[in-house]
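Input: a single structure, listed below in C-alpha cells.
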Amino acid sequence: MHWQTARFSIDLTRPRVMGIVNVTPDSFSDGGRLGDASAALAHCERLLAEGADILDIGGESTRPGAAPVPADEELRRVLPVLRGALAFGVPLSIDTLKPDVMRAALDTGADIVNDVDALRRPGALEAVASHPRAGVCLMHMHGAPATMQARPPEYVDVVAEVAAFLAGRCAAAQAAGIAAERIVVDPGIGFGKTVEHNLELLRRQHELLALGRPLLVGWSRKSTLGALTGRPVDERVAASVAAALAAMQRGAAIVRVHDVAATVDALKVWDAAGLGPAGTIGAPPGATRR
Ligand code: 7PM
C-alpha cells in the first residue's frame with residue numbers, strides 16, 4: 001500500500017513516522033520572523049536526523065479552545081519554513097484547516113494537507129482537489145476546535161461514529177475528485193473525546209481499517225496519556241512511544257509524533273521482532289521520488 005502525495009509515493013509497508021513542527025510564537029519565537037523560520041528549519045533537520053519520514057508543519061494551534069489565527073498570519077509563519085524545507089527532499093505536510101492556507105501551501109510545494117477538520121470548511125475540498133496529486137489526511141473531530149471539549153462529548157458507539165464520519169468524508173473527497181490513493185484517515189485522538197473514548201478507539205482501532213484507507217494516528221503527549229500515567233506533558237515520552245507502538249500493532253500506517261528519536265528506536269525493535277506489517281523485511285526505502 002502506498003500513499004500518493006504531490007512529489008512522493010510513500011510506501012506504507014513499513015511503519016512511518018510524521019514529525020511535528022509547530023511554527024507558533026510560543027514554539028520558536030526569538031523576536032524576528034526570519035529567526036523563527038530558521039529555528040523551525042533547524043528543528044526540521046533535527047527530526048529528519050532522528051528518522052522522521054514526513055514533516056508536519058503547522059502555524060495555528062489546533063488545541064481545544066485555542067485562539068484562531070488569521071490566514072495571513074498563519075501564512076507568514078509557515079510559508080518561509082515550507083520553502084526552506086522543500087530542499088530536504090522528504091514529504092511535507094501542512095497542518096491547517098483553512099482553504100486559503102491549503103492553496104498557498106500546495107502552490108509553494110507542500111505534498112500533503114493535514115486537516116483536523118477533514119476538509120469541511122467551504123472551499124477546502126476544492127483546494128485539495130485542484131492539486132491533482134496532493135495527499136490529504138482526513139481527521140475526525142467532534143464539534144469545532146473552539147468548542148469540542150467544552151462539555152463531555154457523547155457517543156453511542158465512538159468507534160462506529162468515527163468510522164461513519166470518516167467514510168462520509170472519504171466519499172465527499174472522492175466526489176470532489178480526490179482519488180482514494182491520496183487519502184489517509186485519522187480517528188483524531190483527543191479531539192472531542194474523553195479518556196475512555198480515546199482508549200476505545202485504540203482497543204478497537206482495527207475496525208477503522210475496514211474503511212480501506214491507511215490510518216494515521218496521533219497520541220503524542222496527549223492528555224489521555226497524562227490521565228493514564230499521572231505525568232505532565234513534558235514527561236510523556238515513554239507513554240507516547242507505547243501508544244504509538246500499540247497503534248502500529250493495531251494496524252496504523254503512520255504515527256504523528258513530537259519525539260521522533262524515541263519513536264523510531266522503538267519501531268526498529270518492534271519491526272525487527274517481526275511485529276511490523278507483512279513484508280517489512282527487505283522492503284525498499286519508503287518515500288520514493290516520482
Ligand atoms: C493540544 C492538544 C495541543 C492537541 C496540540 C494538540 C493531531 C493533528 C493535532 C492528530 C492529525 C497535537 C495536537 N493532533 N493532526 N493535529 N492527528 N492528523 O498533539 O491527532 O499536536 S494538534
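Indexing begins at 1, ligand by ligand and atom by atom, following the structure's order.
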Query - Distance-only N or O hit between ligand 1 and D56, under 3.5 Å - result: no
Query raised in the report: Polar-atom distance check: H258 versus ligand 1, any N or O pair below 3.5 Å?
Result: no
Query raised in the report: Among pairs that include at least one residue of residues 159-184, which meet salt bridge (charged side-chain N to carboxylate O under 4.0 Å, His left out), considering only residues two or more places apart or in two chains?
Result: none
Below 4.0 angstrom from a heavy atom of [X], which ligand 1 atoms are there? Numbered from 1 as shown, please.
X: N114; answer: 11 (C), 15 (N), 18 (N)
X: V116; answer: 8 (C), 15 (N), 16 (N)
X: C137; answer: 18 (N)
X: F191; answer: 7 (C), 9 (C), 14 (N), 22 (S)

Presence of salt bridge, [Y] and [X], under 4.0 angstrom:
X: D186; Y: R256; answer: no
X: K268; Y: D271; answer: no
X: R203; Y: E196; answer: yes

Query raised in the report: Heavy atom under 4.0 Å from ligand 1: found in R221's side chain, backbone, both, or neither?
Result: neither
Requested in this report: Run down the list K222, H140, M139 and name the one with the heavy atom closest to atom 20 (O) of ligand 1.
Outcome: K222
Report task. Please work out whether the ring planes of Y155 and H197 are parallel, tilted or perpendicular, with thresholds of 30° and 60°. Result -> perpendicular
Query raised in the report: With S220, which residues qualify under side chain to side chain donor-acceptor pair (under 3.5 Å), at least two apart?
Result: H258
